[in-house]
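Note that the structure is predicted; figures quoted are calculated from it, not measured. In what follows, every chain begins at residue 1, and chains take the letters A, B, ... in the order their sequences are listed.
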Amino acid sequence: MVIVQETDFDAAALTAQLRERSAGKAGALVSFTGYVRDYAQDQATHTLFLEHYPGMCEREIQTICDTAQSRWNTLEPIVVHRYGALHHKEQIVFVAVASAHRGDSFKACEYIIDALKTRAPFWKREILSGGKQFWVQQRDADTQKTDLWDNPPSGTPS
Amino acid sequence: MVIVQETDFDAAALTAQLRERSAGKAGALVSFTGYVRDYAQDQATHTLFLEHYPGMCEREIQTICDTAQSRWNTLEPIVVHRYGALHHKEQIVFVAVASAHRGDSFKACEYIIDALKTRAPFWKREILSGGKQFWVQQRDADTQKTDLWDNPPSGTPS
Amino acid sequence: MSGTPIKVLYFAQVAELTGARQELWPIDGPLTGADWLAQLAARYPQLAPVQRLKLAVNQYHVSPETLIQPGDEVAVFEPVTGG
Amino acid sequence: MSGTPIKVLYFAQVAELTGARQELWPIDGPLTGADWLAQLAARYPQLAPVQRLKLAVNQYHVSPETLIQPGDEVAVFEPVTGG
């Protein structure tokens, strides 16, 4: 289930929904929540503005979820991503994955958020509490992390 | 924060507490929930009975959390583990970790549940819906997984 | 003389610099993303400081070698920063 | 003649087989976990089918080489299965 919306989401209700759907089959649920933090230690964020590409966002995230389900033994993941003006400490993104064995949920959940960061068409604009504004630039570390999922170094446990 | 209790816990309230504590410092929160699933596809679980060693459980989990915090850059984790008679689909254990960067939360959270499974003194007794009862045996895969955290194979990204 | 246009979408900083969020752009026939990016740079010299421009065609990420066809939806943007 | 006892705790299947959850056990002085486990096996032959017995001393996991001292709290159990 992939949802892209402006309003806030209820992570607890979404988690409950996934548990309900898993019936007695799954015993592990891993969730990731990303929320607005200060841009840097000395640069407090006032508002984070998220622009997005409607339609492509949903399709790209769905593809990422399908890939995760084909690689690991999990139920259908839940992903919610917000756009628009988000304030300090508000939730931005939520990923939840349930599986019989915990390793599958951990890997699928981390893969989804890593891949989403480099492929889902969202762009963040920081508005600092001092008034300074700028578009956030993609971190090389994020692209490298996604590449590692597709080309793991030899010797890495799966 | 480590809690070992018989009653159910409110994962949403605990998550909110961790987010509140993280103020604007953390932007990533990873949580793991373990809950009662069927013992096997053809063996439905009626009740899972968890025996524990009071005192040692709390101390052992606290040590695991301290180790996680010393290895990765995270806030103090939250761990809640239940004991007593748990029914089908009920929550057993909850681990939540917040950090500035998501990789630290994912690693610390998975490390904590992996280490807990091999070191925290809990013992599970399965009571199947057919009436059959037995003590669950530790899986070798769990011990091997914990060993990997302490002795990673060469070439593994940290 | 120009053929069926493509629909161009601009996002984030790219939209700010072009001053547009979308426009129709006539093309004479199929051309590569790289060739079209050269046309874009000619029309909007103010995009020059942007280090990395990415393309999506019909809502799929593509490389500069990909052919753009008349009628396609082409999006231009900097590397994404969601999550 | 026996010295200060140790306090022995049994958990899960081990408690079922011994029929006790705890008892005081006099020892003459320090002895290794392995030596004490031999005494335990002699008193409770019904533990023989249990493949792996683990020890904790004063609430810390220990190996069989660890010395048990008079007054210690010694717990005996199968490998843990929480989480």
Subject >> Side chain / backbone / both / neither for A/Ser105 at chain B, heavy atoms under 4.5 Å >> reply: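 For A/Ser105, there is no contact with chain B at all, as no heavy atom is under 4.5 Å.
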Original post:
Considering heavy atoms only, which positions within residues 1-19 of chain A lie below 4.5 Å of chain B?
Top reply: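 Residues in range: A/Ala12, A/Arg19.
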Subject >> Contacts of residues 49-64 of chain A with chain B (heavy atom under 4.5 Å) >> reply: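 Checking residues 49-64 of chain A against chain B gives no residue, so none.
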Which answer fits [X], side chain, backbone, both or neither, if we ask what part of it has an atom under 4.5 Å from a heavy atom of chain A?
X: B/Glu90; answer: backbone
X: B/Thr45; answer: neither
X: B/Gln41; answer: neither
X: B/Ala141; answer: neither

Original post:
Who passes side-chain hydrogen bond (donor to acceptor under 3.5 Å, both in side chains) against B/Tyr111, sequence neighbours left out?
Top reply: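 Expected list: none.
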Based on non-hydrogen pairs under 4.5 Å, which of [options] is most in contact with chain A?
options: B/Gly103, B/Ser31, B/Gly34; result: B/Ser31
options: B/Ala96, B/Ala44, B/Ala100; result: B/Ala100
options: B/Lys145, B/His88, B/Glu110; result: B/Glu110

Subject >> Ion pair check, A/Lys89 and B/Glu20, cut-off under 4.0 Å >> reply: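 Looking at A/Lys89 and B/Glu20, the cut-off is met.
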**OP:** I would like to know whether B/Phe32 and A/Leu29 meet side chain to side chain contact (heavy atoms under 4.5 Å, CB included); could you show each step before the answer?
**Re:** CA-CA 6 Å; B/Phe32 170 83; A/Leu29 194 151; over 6 Å; no
**OP:** Considering only heavy atoms and a distance below 4.5 Å, find which of A/Gln91, A/Arg37, A/His101 pairs most often with chain B.
**Re:**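 Among the listed options, the one with the most contacts to chain B is A/Arg37.
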**OP:** Assess whether side chain to side chain contact (heavy atoms under 4.5 Å, CB included) is satisfied between A/Arg102 and B/Thr33, documenting all intermediate values.
**Re:** CA-CA 9 Å; A/Arg102 68 191 183 285; B/Thr33 309; over 6 Å; no
**OP:** Tabulate, in ascending numerical order, the residues of residues 121-136 of chain B having at least one heavy atom closer than 4.5 Å to a heavy atom of chain A, or enter 'none'.
**Re:**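 Residues of residues 121-136 of chain B touching chain A at under 4.5 Å: none.
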Subject >> Minimal non-hydrogen separation, B/Tyr35 against A/Ala26, with atom names >> reply: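 Heavy atoms of B/Tyr35 and A/Ala26 come nearest at CE1-O, 3.2 Å.
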